[in-house]
Amino acid sequence: MAPALAPAGHWVVVHGRYTPAPPPGDDPAQLATLGTALRTAYLHVDGSALKALVPGAPDVVTEVPAQAADLGWVLGFSTPVPASELAHADVQAGRALKRALAAQVPAVVHSRDPLTVHGLVPATDARELARNRFAPLDEAGSPGAPVLVETLRTWLTLHGSWDRTAAALQVHRNTVRHRLARVAELLDVDLQDPGVRMELWFALHWLPDENQDRSG
């Protein structure tokens, strides 16, 4: 659902992947049961992929329905956002689903702890630092800077695991290695250095949302 069409209020975006085979398709009973479990009528299933909008409230922790996992779905949930921020929540839900699939857990809820080091750096300075840090990736050519950024983010999230990163991104592990070698070359860094990983991790968190959204 487009942000302009969403009713007023706060919403949680949900992405899902149906793990058994074959996918459920447009089975009305499956959709009805899933809609009841998620407590929403805003539900769309396309093959093995799911997107949904669930009513939420500010500062309320999203509850994961056990029934969804029982039906064979792995889910990623965004934080509650107003309708005007649904595009950002869609990115959150997509990343949460990737983490859930990689960790082989029924669901992951995106969360952001306000009491972190990110609060120590002014937002404007943080965004500028991130833009400058990743600017060399604009010279990457195919597959493009957004793909390289998302590969780096996933790899760091999964603690440098080539296999789990490949599974999360649904590519071959050699593709992950090639992309990260290109990142290391363009940024002139050693990705095996823990200090470099930490620096890039903070920069990824500070990267402006408009850049992150293009990587999905």
Side-chain angles (χ1 to χ4, degrees), residues 1 3 6-7 9-83 85-116 150-151 153-161 163-171 176 201 204-205 209 212-213 215-216:
M1 173 178 289
H10 279 69
W11 296 89
V12 174
V13 176
V14 183
H15 284 203
R17 179 79 55 78
Y18 190 73
T19 50
D26 296 325
D27 180 1
Q30 167 81 242
L31 293 179
T33 303
L34 188 57
T36 300
L38 292 173
R39 301 179 183 178
T40 185
Y42 301 112
L43 181 70
H44 175 69
V45 174
D46 182 7
S48 61
L50 156 75
K51 283 193 176 184
L53 279 179
V54 177
D59 304 320
V60 173
V61 178
T62 301
E63 294 185 4
V64 177
Q67 302 97 313
D70 293 340
L71 291 171
W73 288 93
V74 177
L75 303 174
F77 293 80
S78 75
T79 55
V81 300
E85 298 180 14
L86 284 177
H88 179 48
D90 190 65
V91 175
Q92 292 181 351
R95 290 182 183 145
L97 174 60
K98 288 179 180 178
R99 292 197 295 271
L101 290 168
Q104 297 182 340
V105 296
V108 167
V109 178
H110 179 87
S111 63
R112 177 171 294 178
D113 183 356
L115 300 177
T116 66
E150 188 61 20
T151 302
R153 187 195 309 278
T154 304
W155 184 71
L156 291 174
T157 298
L158 298 175
H159 309 292
S161 170
D163 290 333
R164 293 171 64 196
T165 300
L169 297 176
Q170 296 184 298
V171 298
V176 174
W201 180 248
L204 286 168
H205 275 271
D209 291 334
Q212 295 179 19
D213 293 346
S215 64

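Each residue takes its place number in the sequence, starting with 1. Everything numeric here is computed off the predicted structure, so don't read it as measured data.
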Item to complete: Keeping the roles fixed (side chain from Thr40, backbone from Leu53), state whether a donor-acceptor pair exists under 3.5 Å.
Response: yes
Worksheet entry | Heavy-atom check, side chain of Thr154 versus side chain of Arg99, under 4.5 Å | no
Worksheet entry | Heavy-atom pair of closest approach, residues Ala168 and Ala102 | CB-CB, 4.1 Å
Worksheet item: If only atom types and distance count, is the side chain of Trp11 paired as donor or acceptor with the main-chain N or O of Val81 below 3.5 Å?
Response: no
Item to complete: Measure from the side-chain N and O atoms of Ser48 to the backbone N and O of Tyr18, and report whether any donor-acceptor pair falls under 3.5 Å.
Response: no
Item to complete: Take Gln92 and Val13 through the test side-chain contact (heavy atoms from CB on, under 4.5 Å) and record every step on the way to the result.
Response: CA-CA 8 Å; Gln92 292 181 351; Val13 176; over 6 Å; no
Response to the item:
When every non-hydrogen atom of Ala96 is compared with those of Gly76, the smallest separation belongs to CB-CA, 3.7 Å
Discussion item. Would Thr151 and Val171 count as a side-chain contact (heavy atoms from CB on, under 4.5 Å) here? Give the steps.
Written reply: CA-CA 10 Å; Thr151 302; Val171 298; over 6 Å; no
Worksheet item: With a 4.5 Å limit on heavy-atom distance, are the side chains of Leu34 and Leu50 in contact?
Response: yes
Worksheet item: Can you tell me how far the CG atom of Asp90 sits from the CZ atom of Arg95, to the nearest 0.5 Å?
Response: 10.5 Å
Worksheet item: Where do Lys98 and Glu150 land on the salt bridge (charged side-chain N to carboxylate O under 4.0 Å, His left out) test, with the steps shown first?
Response: CA-CA 11 Å; Lys98 288 179 180 178; Glu150 188 61 20; 3.6 Å; yes
Discussion item. Looking at every heavy atom in both Pro65 and Ala37, which two are closest together, and how far apart are they?
Written reply: CB-O, 3.2 Å
Worksheet item: When rounded to the nearest 0.5 angstrom, what distance separates CG in Leu86 from NE2 in His10?
Response: 10.0 Å
Discussion item. Can you give me the closest heavy-atom contact between Thr62 and Ser78, atom names plus distance?
Written reply: OG1-O, 4.0 Å
Item to complete: Identify the two heavy atoms, one from Val74 and one from Val105, that lie closest to each other, and give their separation to 0.1 Å.
Response: CG1-O, 3.5 Å
Worksheet item: How far apart are the closest heavy atoms of Arg17 and Leu101, and which atoms are they?
Response: NH1-CD1, 3.7 Å
Worksheet item: For Trp73 and Val45, what are the C-alpha separation, side-chain angles and deciding distance, and is it a side-chain contact (heavy atoms from CB on, under 4.5 Å)?
Response: CA-CA 11 Å; Trp73 288 93; Val45 174; 4.0 Å; yes
Worksheet item: How many angstroms lie between atom CZ of Phe77 and atom NE2 of His15, to the nearest 0.5 angstrom?
Response: 11.5 Å
Practice prompt. Would you give the length of the straight line joining atom NE2 of His88 to atom OG1 of Thr79, rounded to the nearest 0.5 angstrom?
Written response: 6.5 Å
Worksheet item: Between Val54 and Tyr42, is any pair of side-chain heavy atoms under 4.5 Å apart?
Response: no
